[in-house]
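I have placed the structure first, in the form of structure tokens, so that the comments after it can refer back to it.
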2 protein chains.
Amino acid sequence: MKIEIKDQYQETFKEFLTRKGLRVTNQRLAIFNAAFTCGDHFTAEDLLDKARNLDDSVSRATVYRALPLLTESNLIREVDVGKDYKYYAANKDVKTFQAQVICMDCEKIFEIDAPFMEWYGKTVAEKLLLSVEDQRLQVSARCDQLKSKGSCDRISQK
Amino acid sequence: MKIEIKDQYQETFKEFLTRKGLRVTNQRLAIFNAAFTCGDHFTAEDLLDKARNLDDSVSRATVYRALPLLTESNLIREVDVGKDYKYYAANKDVKTFQAQVICMDCEKIFEIDAPFMEWYGKTVAEKLLLSVEDQRLQVSARCDQLKSKGSCDRISQK
DNA sequence: ACTCAATTGAGACTCAATAACATTCTATCG
DNA sequence: CGATAGAATGTTATTGAGTCTCAATTGAGT
């Protein structure tokens, strides 16, 4: 069943490419499939590794070239955590606006539904006569309390 | 009068340094003063230029070493605009939580009071048993409509 | 199958930020 | 007040994510 859903998204990706006059290549499909089998949040480098498992000819440059296509087609989204590298996440079935809560110790990312925020950000921006493209509520936190519960697994290594 | 206020902040900075057993150096003071005479939002490189006007011995490394001290002492704040470099702003008299609205065309940054957000972000994080360190609401927008009003002065150059 | 533009991989490159290290300078103590 | 320890500095090299170049390859319409 999970496979069927992924294939459906893959179809969307193929349609997106052809509609834009772009080619459906093995590398692009490998990168797409990697994005949809990566864990929740992944970096470009994570994606490169995963994609190379599916097609070992995939290069770093191609991953970076594919990422804008995947975001433009709304299949993945950027998750900016204020570090000097970006995270991404597959848009599997996200409907509502989400706030991102990032643990500064273990870099774990929680995404929490926050539908009210979407309206709020728009209101703020439109007061300035700006047209909203994107918005994010980011909360930097520490999971001291979580450690005792075993939910904070990583110690900041990157 | 403006000078008096700045001197007051400078005193805070000096106290911060000595309280932490750090030294009050010319370079650190030059960087502090530069931060408080830069425009609204500045990059590390902007700060280096301004600081060198006050003390031409200031090096890039020292600026990068001073920035965490200035943020830790709450005299400046990071303003992350999702680019690959960071902006900073002096905390002159900001009391309330502010949302950041960034024009994707001209890179102009608007900071808008959004006191409600502070409560909201905390609520979200504390549901996860996380202790909040910092939070930001960032809205990416385009100022097409502003251009006609002449408020969008820069065309993306960086 | 043929063709040609789109796409690719390899590697050079950019640029913000950091690290290493020998030298300089601050603040304290005698 | 001058000596001293070690904090801070500038210089230079380095990192690392992301971008660019270009010759070689490949997809897809014919």
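First the proteins, then the strands, lettered A, B, ... as listed; each starts at 1.
As a whole-Å value, the separation of B/Tyr64 OH from D/dT9 C1' is 17 Å. Note: CZ (A/Arg52) to P (C/dG9) measures 8 Å, nearest angstrom. To the nearest angstrom, P of C/dT26 lies 11 Å from CG of B/Leu29. Straight-line distance from the CZ atom of A/Arg60 to the P atom of D/dA17: 8 Å, rounded to whole Å. Atom NZ in A/Lys20 sits roughly 17 Å away from atom C1' in C/dA5 (whole-Å rounding). One interatomic measurement links the two molecules: OH of A/Tyr85 to C1' of C/dT18, which rounds to 15 Å at whole-angstrom precision. When rounded to the nearest whole Å, the span between NZ of B/Lys83 and P of D/dA17 equals 20 Å. To the nearest angstrom, P of D/dA17 lies 10 Å from CG of A/Asp46.
Considering only the side chain of A/Val24, D/dA28 comes nearest among D/dA28, C/dT7, C/dA19. Of the candidates C/dA19, D/dG27, C/dG9, D/dG27 carries the atom nearest the A/Asn26 side chain, counting heavy atoms from C-beta on.
In terms of polar N and O atoms assigned as donor or acceptor, the side chain of A/Arg23 comes within less than 3.5 Å of the base of C/dA6 in a complementary pairing.
Interatomic distance, B/Leu22 CG to B/Lys14 NZ, rounded to the nearest 0.5 Å: 15.0 Å.
The 5' end of DNA chain C is approached more closely, in terms of each residue's nearest nucleotide, by A/Gly21 than by the other of B/Lys86 and A/Gly21. Between A/Tyr88 and B/Thr25, the residue anchored nearer the 5' end of DNA chain D, judged by the nucleotide with its closest heavy atom, is B/Thr25. Each of B/Gln27 and B/Arg65 lies near DNA chain C, and the nucleotide nearest B/Arg65 is the one positioned closer to the 5' end.
Relative ring orientation between A/Phe116 and B/Tyr120 is described as tilted, the plane-to-plane angle lying within the 30° to 60° band.
Using modelled atom types and a 3.5 Å distance limit, the side chains of B/Asn33 and B/Gln10 yield a donor-acceptor pair.
Side-chain contact between B/Glu78 and B/Tyr88 is present, with heavy atoms from C-beta onward closer than 4.5 Å. Contact annotation: the side chain of A/Asn26 never approaches that of A/Leu54 to less than 4.5 Å [non-hydrogen atoms, C-beta and beyond].
Base pairing analysis places C/dT26 opposite D/dA5; the two distances defining the Watson-Crick or G-U wobble pair are each below 3.5 Å.
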